[in-house]
Amino acid sequence: MKKNLIYFLVACICLSFIGCSKKEEEKCKMNMYINIKDQYVLEILDNIIQEYKEKNPNCEVNIVANLNNKISENEQNVDINITEREEFIMKAKTGNLMNLENYYEKEKIYNNYANLTSSYGRYHDINYGIAILPKEMKLLYNKELNDNILSKEDITSITKKLNSQGAKIPIFLGKEDDPNNIMLSIVAYNIVNLDNIERLYDNKEGYLKEIYMEKIFSNLDLLYKQGVISKDLFYLGNSNDLNSFNAGDIPILITDNRIDYNEAKISLLNSNIFFSNSVISVPIKAENKNEVDKFIEYLYSDELLKKLANENILTGNNNFDRIKVTSDNWYLLDAIPSRFDIELSKTVDNILEGKYNGSEWQSLIENVYK
């Protein structure tokens with residue numbers, strides 16, 4: 001009888017250890033490196049991550065770069081990156097990122113998502129990343145303030161009339177880009193196809209051969225001579241400008257899909273200019289790939305896509321988004337390295353001072369790569 005009791009106790013202890021080990025096995029973790037300046041995108045990401053954690057209470061999600069942009073110096077043991085495109089490319093250049101083709105096939109990225117989703121995640125024709133949360137540049141104007149000066153809803157006529165009155169137009173896109181360069185990117189969008197420029201990323205000799213890029217600067221010069229634009233017409237806005245616009249104190253605003261507006265008082269001009277401030281990538285050495293699989297599966301789940309669409313947040317999914325991300329061209333500042341920023345702005349300044357000479361593209365490349 002005693003032997004039977006001992007055997008029973010031993011069996012219970014063994015089963016309890018097995019049970020504990022199974023519970024420990026169910027525990028998981030995932031380390032995320034996040035580095036994005038756009039607060040609008042960060043807030044959406046924060047909500048997505050919190051909802052994922054609630055649905056997966058046994059998973060410990062560690063953010064190695066805080067959502068408030070305080071970047072950790074320790075990027076070891078990272079399982080998933082969410083960064084702006086230029087940093088994504090820098091990581092891809094090291095050869096330390098996985099090819100995400102399996103995710104493209106599993107989540108039907110090619111079939112169900114806008115081209116921007118894959119093009120922003122591509123480096124040297126390999127999909128090392130996936131762009132998420134695309135944005136559309138929009139021009140909004142107050143009808144009451146503009147009815148007396150606008151004859152038609154055309155961006156050229158709008159800016160020309162406002163320019164003649166000395167008005168200033170704030171740009172509020174969540175990016176701290178130079179207003180000159182944003183203006184040039186708007187001009188470039190419908191002038192030249194930037195696919196080759198993107199493929200040549202940071203290639204001086206290749207850039208010099210793309211002489212058609214001069215069309216961007218000659219068109220900017222033409223707009224200047226026609227009085228459509230001028231120096232300092234645009235400036236980098238902030239949340240105060242957004243509040244002033246909503247209060248009716250500012251006649252016109254260039255922004256993205258972050259704000260709702262009163263259609264009775266505000267008119268919208270869609271630019272068809274789309275871009276993304278966030279690209280997902282996965283390091284080859286990621287230690288918790290099963291959890292990465294689960295997170296990406298959640299990110300592309302019908303449940304989340306439907307929720308984001310109901311909140312007027314773009315996902316790039318053709319079946320859920322209320323606004324279709326249809327553009328096939330590049331936003332200029334995302335197709336070239338940030339090393340261009342200073343010289344590009346100087347070139348725009350010169351043109352808007354009447355100093356266009358017809359060789360701006362060649363001079364720009366030589367100055368950037370001195």
Side-chain angles (χ1 to χ4, degrees), residues 136-173 175 177-194 197 210-237 241 245 250-256 266-275 327 329-333 335-336 340-365 367:
E136 180 188 20
M137 187 180 296
K138 297 180 177 182
L139 188 147
L140 303 176
Y141 66 85
N142 281 297
K143 292 180 179 178
E144 294 178 0
L145 294 179
N146 291 312
D147 274 347
N148 61 332
I149 64 168
L150 298 179
S151 58
K152 58 182 179 178
E153 293 187 348
D154 173 76
I155 189 170
T156 301
S157 64
I158 291 172
T159 54
K160 184 173 183 177
K161 291 177 181 179
L162 290 174
N163 187 34
S164 67
Q165 294 185 343
K168 304 296 181 185
I169 302 175
I171 301 174
F172 187 63
L173 295 172
K175 304 177 79 170
D177 294 324
D178 187 298
N180 276 356
N181 297 342
I182 295 173
M183 177 172 58
L184 189 69
S185 296
I186 294 172
V187 173
Y189 206 79
N190 295 312
I191 299 298
V192 297
N193 186 296
L194 295 171
I197 294 299
E210 306 298 309
I211 57 175
Y212 62 87
M213 290 293 288
E214 186 63 32
K215 291 180 182 178
I216 300 171
F217 302 99
S218 63
N219 271 270
L220 182 68
D221 179 56
L222 180 62
L223 292 172
Y224 162 71
K225 289 175 177 174
Q226 291 174 340
V228 175
I229 56 177
S230 63
K231 194 172 182 180
D232 301 325
L233 172 64
F234 300 98
Y235 69 92
L236 200 61
D241 293 298
F245 175 77
I250 293 177
I252 195 167
L253 173 73
I254 293 178
T255 185
D256 50 36
I266 307 285
S267 278
L268 162 68
L269 288 178
N270 289 314
S271 66
N272 291 321
I273 298 178
F274 294 89
F275 57 93
S327 175
N329 203 2
W330 283 87
Y331 180 65
L332 177 61
L333 295 183
I336 58 177
F340 273 75
D341 289 353
I342 294 175
E343 291 300 326
L344 200 62
S345 184
K346 288 180 182 177
T347 302
V348 172
D349 270 340
N350 287 336
I351 293 172
L352 298 182
E353 291 172 359
K355 299 176 183 177
Y356 177 71
N357 60 32
S359 60
E360 273 66 18
W361 175 246
Q362 299 288 311
S363 299
L364 173 66
I365 302 305
N367 289 332

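Starting from 1, each residue takes its place in the sequence as its number.
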Expected output: side-chain [X] to main-chain [Y] donor-acceptor under 3.5 Å:
X: N163; Y: T159; value: no
X: T255; Y: F172; value: yes
X: E360; Y: E214; value: no
X: W361; Y: E210; value: yes
X: K168; Y: D232; value: yes

Locate the shortest heavy-atom distance separating [X] from [Y]; write the atom from each residue and the value.
X: G237; Y: P170; value: CA-CB, 4.2 Å
X: E136; Y: N272; value: OE2-N, 3.7 Å
X: N181; Y: S345; value: OD1-N, 3.1 Å

Is any side-chain heavy atom of [X] less than 4.5 Å from a side-chain heavy atom of [Y]?
X: L364; Y: K346; answer: no
X: F245; Y: L140; answer: yes
X: I229; Y: L220; answer: yes

Mark yes when over 12 heavy atoms from residues, nucleotides or ligands other than I342 sit less than 6.0 Å from its CD1; otherwise mark no.
no

Gap between atom [atom2] of [Y] and atom [atom1] of [X] - 0.5 Å precision:
X: I336; Y: D341; atom1: CD1; atom2: CG; result: 7.0 Å
X: I191; Y: F217; atom1: CD1; atom2: CZ; result: 12.0 Å
X: L332; Y: M213; atom1: CG; atom2: CE; result: 5.5 Å
X: D241; Y: I171; atom1: CG; atom2: CD1; result: 11.0 Å
X: L173; Y: K138; atom1: CG; atom2: NZ; result: 12.0 Å
X: Y224; Y: L233; atom1: OH; atom2: CG; result: 13.0 Å

Please walk me through it: do I186 and I254 pass side chain to side chain contact (heavy atoms under 4.5 Å, CB included)?
CA-CA 11 Å; I186 294 172; I254 293 178; 4.2 Å; yes

Could you go through the side chain to side chain contact (heavy atoms under 4.5 Å, CB included) check for I182 and Y331 one step at a time?
CA-CA 9 Å; I182 295 173; Y331 180 65; 3.7 Å; yes

Test side chain to side chain contact (heavy atoms under 4.5 Å, CB included) on I365 and F340 and set out the steps.
CA-CA 8 Å; I365 302 305; F340 273 75; 3.6 Å; yes

Show your working on side chain to side chain contact (heavy atoms under 4.5 Å, CB included) between L344 and L333 and close with a plain yes or no.
CA-CA 10 Å; L344 200 62; L333 295 183; 3.9 Å; yes

